[in-house]
Novice: 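Before I ask anything, let me first share the structure, which is written out below as structure tokens.
Both ligands and their constituent atoms are indexed starting at 1 by order of listing. The analysis underlying the following values was restricted to heavy atoms, covering all of them including side chains, and did not include hydrogens, waters or symmetry mates.
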Amino acid sequence: MKHLIIGTAGHVDHGKTALIKAMTGVDTDRLKEEKERGISIDLGFTSLKLPGGRRAGIVDVPGHERFIKNMLAGAGGFDLVLLVIAADEGVMPQTREHLDIIQLLQVKKGVVVLTKVDLVDDDWLELVIEEVKDFLKGSVLENAPLVAVSAVTGQGIDTLLELLAFVAEETQAKNAAGPPRLPVDRVFSVTGFGTVVTGTLVAGQLRVGDAVEVQPQGLSARVRSLQVHGEKVEIAGAGQRVAANLPSLEVDQIRRGSVVAGVNSIIPSHRLDVHLLLLKSAARPLKNRARVHFYLGSGETLGRVVLLDREELEPGSMAYAQLELEEMVAAVKGDRFVIRSYSPMQTIGGGTVIDPAPRRKHKRFRSEVLDGLATREKGTPAEILEHYLLGNPSLLELAEAAAGAGLQVSELKELAHKLAGEDRIKLIPGDDKVYLVATEVYRRWAGELDRMLESYHREFPLREGYPKEELRSRKFPFLSNKVFQFFLNVLEKDGQIRCTAQAVARSSFTPRPDPEQAVLIERIQQELARSGFQPPAWIELPGVADLGEAMSWELLQYLLRTGELVKVGENLYFSRKTLELARQKVTDYLREKGEISVGELRDLLQTSRKYALPLLEFFDKEKITRRVGDKHLAGKALK
Ligand SMILES: Nc1nc2c(ncn2[C@@H]2O[C@H](COP(=O)(O)OP(=O)(O)O)[C@@H](O)[C@H]2O)c(=O)[nH]1
Ligand SMILES: [Mg+2]
């Protein structure tokens, strides 16, 4: 069943709240100050059973120009609007401003209600109706039905209800598929439950137990319980007014304008790419970088409008723009927003979000930027995805790519496989997920990586390869260790590289000493063979001192890595062969005697204590021997 939010709009004192009361019996002015002053300040909420049995959520907004921001916080969720105009006063300033907002938010369904008919005679009513029809020409409500009512006498209220039920049938339901999105309009704490948020669920479903995120703050939470129209429910659907209990969060972590959303479904940003309309009624052209008030969902912030193809936007015109906002916002592609001039505060325009989280500041007057935005706005899903991946060179998980490109995860899955088949994107498998990257980006990275490895191998021909972590942080800092490894896995499978635990090398590369080094290594080996169980320190080996520290270190590491040398103790290196011989002698000795001491090993190898002690400790570590008091018995590795 489709759910529906009916909202009010209209000038202050024109009878919106009285009308809702006449229809529902509920007074939505709930604040003390509202009662005292007799005007609505904040949003009021109730619900209404329409003829035919359908229940709609009602959002009553304040009409006073000082509280337009509260009106805007509610209007984002409207499916159907009651434009309220008092018959005795006719069209007034906030009637116009509210209609502009309805227009900018593209609330396409509505009923125009002339209230207070009890105060006017028929001739006057005729005149007002003419004026209102004129006023609505060219707007979304041009063809909306019009009804005259009185909240005092009850005249026309039944007709209005019938009309609402009729228009409601034709109203398009909100998108029930896809991730949930609940722009928060109230946050409070309930004793025994903790934090509760309310809002209009503008998309998807929320279930008790669901993991959610609160954006743009990036908080994780779980829905403990849900209410719709004051009753406990297990599931809330798109188009319902919802109260959600999020006990793990504090009230002051969330505010009006926050969005409760599906995990990974929204990328918060302080920059938005948009298609912007300046209203015909705007007092003056909008200059590049003008500072404006920005309203999206239930939130508001300040920001600047960067016009991408002109210096000024004339009233009545549209243009692509990048908004630089002073706070992060949680937007989704296709979201509608409103802007008001900084001072005086007047609604001057609005538009549609094309890219909810552009990676970079756009250069102005660039055809590739403008073409890109046109693709993102009007292209096919394939074009949109490819463009998005090219503009966001990273490995993106399906949900991330969907959120960024403004596509549904389900549609993206199919699309990704199709584009991978055409070699336009690469699918990088990892754990239980798949990551997307444009083929062009993948090739570029592979090429750059290859050049980096080539020059690394040239500089350090004795090393096994580029240290993985250094490579990642230098060239791919935007990838996590895990995801970087997934990328390497694919390159390795394609035969371009070879990975060890710590390093990456070109697949054709093997560390190899140059001829001079080879001669040196030969001399070192001879010296080690000659000195037997009393090997000289590394630095005293022939030729080593002349190498200089860096090269000496490289060579030592190389010999250790190849296993030609083994580190037995601090500053004590044995050639593999000599060490093997020592091991053999110790093993034989233990077979015969059952135990060995440092002194016995010294005698056995005809060496000194200086070598025998670290050797025996080394064998202990290797589990060839096992120390018991002063003696060493056969270790596990020998049994
Ligand atoms: N005579 C008459 N007065 C009305 C009617 N509807 C509202 N009012 C009065 O108009 C004033 C403003 O009404 P209210 O509902 O608060 O207006 P809102 O600011 O649009 O919400 C109140 O004093 C109401 O009693 C009506 O149909 N007839
Ligand atoms: Mg009111």
Novice: Within the distance-only criterion (no hydrogens, no angle test), does the side chain of Ser269 pair as donor or acceptor with the backbone N or O of Arg271 below 3.5 angstrom?
Specialist: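 Yes.
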Novice: Between Glu300 and Arg340, is there a salt bridge with N-O shorter than 4.0 Å?
Specialist: no
Novice: Charged N to carboxylate O below 4.0 Å: is that the case for Lys108 and Glu170?
Specialist: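 No, this pair does not count.
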Novice: When you measure from the side chain of Ser341 to the backbone of Gln346, do you find a donor-acceptor pair of N or O atoms at a distance under 3.5 Å?
Specialist: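 Answer holds: yes.
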Novice: Report the angle formed at the Mg ion (ligand 2) by atom OG1 of Thr17 and atom OG of Ser40, rounding to the nearest 10°.
Specialist: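 Output for this angle: 90°, rounded to tens.
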Novice: Students should find this: residues with any non-hydrogen atom under 4.0 Å from ligand 1. What is the answer?
Specialist: His11, Val12, Asp13, His14, Gly15, Lys16, Thr17, Ala18, Ser40, Lys116, Asp118, Leu119, Ser150, Ala151, Val152
Novice: Among Leu104, Val274, Val329, which residue meets the side chain to side chain contact (heavy atoms under 4.5 Å, CB included) test with Phe337?
Specialist: Val274
Novice: Taking atom types as modelled, find out whether His11 and Glu89 have a side-chain donor-acceptor pair closer than 3.5 angstrom.
Specialist: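 Checked: His11/Glu89 side chains show no N/O donor-acceptor pair below 3.5 Å.
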